[in-house]
Amino acid sequence: MNEADAILAEINNSIDFYEQRAAYYRRLYIGLRVIEFLLAFSILPILYFETAIGHSIKLLFLALGITLVLLLFISLMLQPEARYCHCRLQAKNLLTEKHLYLNRAGIYNNNNAPALLVQRFDELRAEQVKQL
């Protein structure tokens, strides 16, 4: 296995990794949003029927409200939407480099293509580390 094949294998592994991470963050983002939506709409009736419900129901809605605030805080801290976009972008960049190399297009249209692929992959990896 030559150097270019090893780098292509590493690029494929990185693409798979970023696609899996993007799918995870997408599911996390949608799950948090659905739970926030359901909690918000379970709290809305208390605003309308405030005088007609008992004290224990008010405490339940207070607990739901606190849970909603905590979920919003968790969502803000984890930033699953931004992480999803970042992972998708990284996977797309790696996929673009791979296809350019395999088709010998763009900057890879020369005899020094394998070395250039190694250099570009190292640059992309260094950029990824900086962003983390």
Side-chain angles (χ1 to χ4, degrees):
M1 178 180 270
N2 63 15
E3 187 177 11
D5 291 338
I7 290 296
L8 283 175
E10 183 67 26
I11 287 174
N12 287 332
N13 291 339
S14 295
I15 290 169
D16 291 340
F17 170 78
Y18 282 113
E19 286 177 349
Q20 289 172 358
R21 295 304 293 172
Y24 167 76
Y25 286 123
R26 184 173 186 264
R27 286 191 310 270
L28 179 65
Y29 175 73
I30 290 172
L32 284 172
R33 289 294 174 231
V34 166
I35 293 170
E36 290 167 6
F37 179 78
L38 292 174
L39 283 174
F41 277 99
S42 68
I43 294 172
L44 281 179
I46 190 116
L47 299 174
Y48 185 71
F49 298 114
E50 186 176 346
T51 57
I53 59 176
H55 182 67
S56 61
I57 301 296
K58 285 184 181 181
L59 289 176
L60 174 69
F61 282 115
L62 178 64
L64 289 174
I66 291 170
T67 306
L68 178 64
V69 169
L70 288 175
L71 280 174
L72 289 171
F73 178 74
I74 290 169
S75 179
L76 179 68
M77 294 305 292
L78 292 179
Q79 298 179 345
E81 185 179 15
R83 290 177 186 235
Y84 164 74
C85 292
H86 172 73
C87 288
R88 286 296 303 143
L89 180 64
Q90 294 302 333
K92 191 162 182 78
N93 287 343
L94 289 170
L95 195 61
T96 301
E97 290 296 324
K98 175 185 164 187
H99 287 301
L100 285 174
Y101 173 76
L102 291 175
N103 293 320
R104 298 288 196 247
I107 61 171
Y108 296 108
N109 191 10
N110 58 34
N111 294 335
N112 198 20
L116 186 58
L117 177 65
V118 171
Q119 177 186 354
R120 297 275 297 177
F121 181 67
D122 288 341
E123 288 172 2
L124 284 172
R125 183 173 276 173
E127 181 182 318
Q128 294 164 7
V129 170
K130 280 183 193 177
Q131 291 177 358
L132 295 176

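Only heavy atoms go into these numbers, but all of them, side chains included; no hydrogens, no water, no symmetry mates.
Taking R88 as the reference, E19, A22, Y84, A91 meet the side chain to side chain contact (heavy atoms under 4.5 Å, CB included) condition, with sequence neighbours excluded.
Here CG of L100 is found 10.5 Å from CG of N109. Values are rounded to the nearest 0.5 Å. The structure places CZ of R83 at 4.5 Å from OH of Y25, a figure rounded to the nearest 0.5 Å. Between atom CG of residue N12 and atom NZ of residue K98 there is a gap of 4.0 Å, rounded to the nearest 0.5 Å. We find the CD-CG distance between E97 and L116 to be 8.0 Å, quoted to the nearest 0.5 Å. In this structure, CD1 on I15 lies 4.5 Å from CG on L95, to the nearest 0.5 angstrom. Of the inter-residue distances, the one linking C87 atom SG with F17 atom CZ reads 6.5 Å to the nearest 0.5 angstrom.
When hydrophobic clusters are built by joining Ile, Leu, Val, Met, Phe, Trp and Tyr residues whose side-chain heavy atoms come closer than 4.5 Å, directly or via intermediates, L28 is grouped together with L72. Hydrophobic clustering, with ILVMFWY side chains joined whenever heavy atoms are under 4.5 angstrom apart, groups Y29 together with L38. Both Y24 and L78 belong to a common hydrophobic cluster when Ile, Leu, Val, Met, Phe, Trp and Tyr are linked at side-chain heavy-atom distances under 4.5 angstrom.
Here the closest heavy-atom approach between residue N112 and residue A115 is recorded as OD1-CB, 3.2 Å.
Tested against Y101, the residues T96, I107, I11, L8 include a single side chain to side chain contact (heavy atoms under 4.5 Å, CB included) partner, L8.
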May I have the step-by-step check of side-chain contact (heavy atoms from CB on, under 4.5 Å) for R120 and Y108, ending in yes or no? CA-CA 10 Å; R120 297 275 297 177; Y108 296 108; 3.4 Å; yes
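S75 places no side-chain N or O within donor-acceptor distance of the main-chain N or O of L71, the cut-off being under 3.5 Å.
Shown here is N103, whose CG atom has more than 12 heavy atoms of other residues, nucleotides or ligands within 6.0 Å.
Considering only heavy atoms from C-beta on, H86 stays 4.5 Å or farther from Q79 through its side chain.
Members clustered with M77: F73, by chain and number, using a 4.5 Å side-chain heavy-atom cutoff among hydrophobic residues.
Using a 4.0 Å cut-off between charged nitrogen and carboxylate oxygen, E81 and R33 do not count as a salt-bridge pair.
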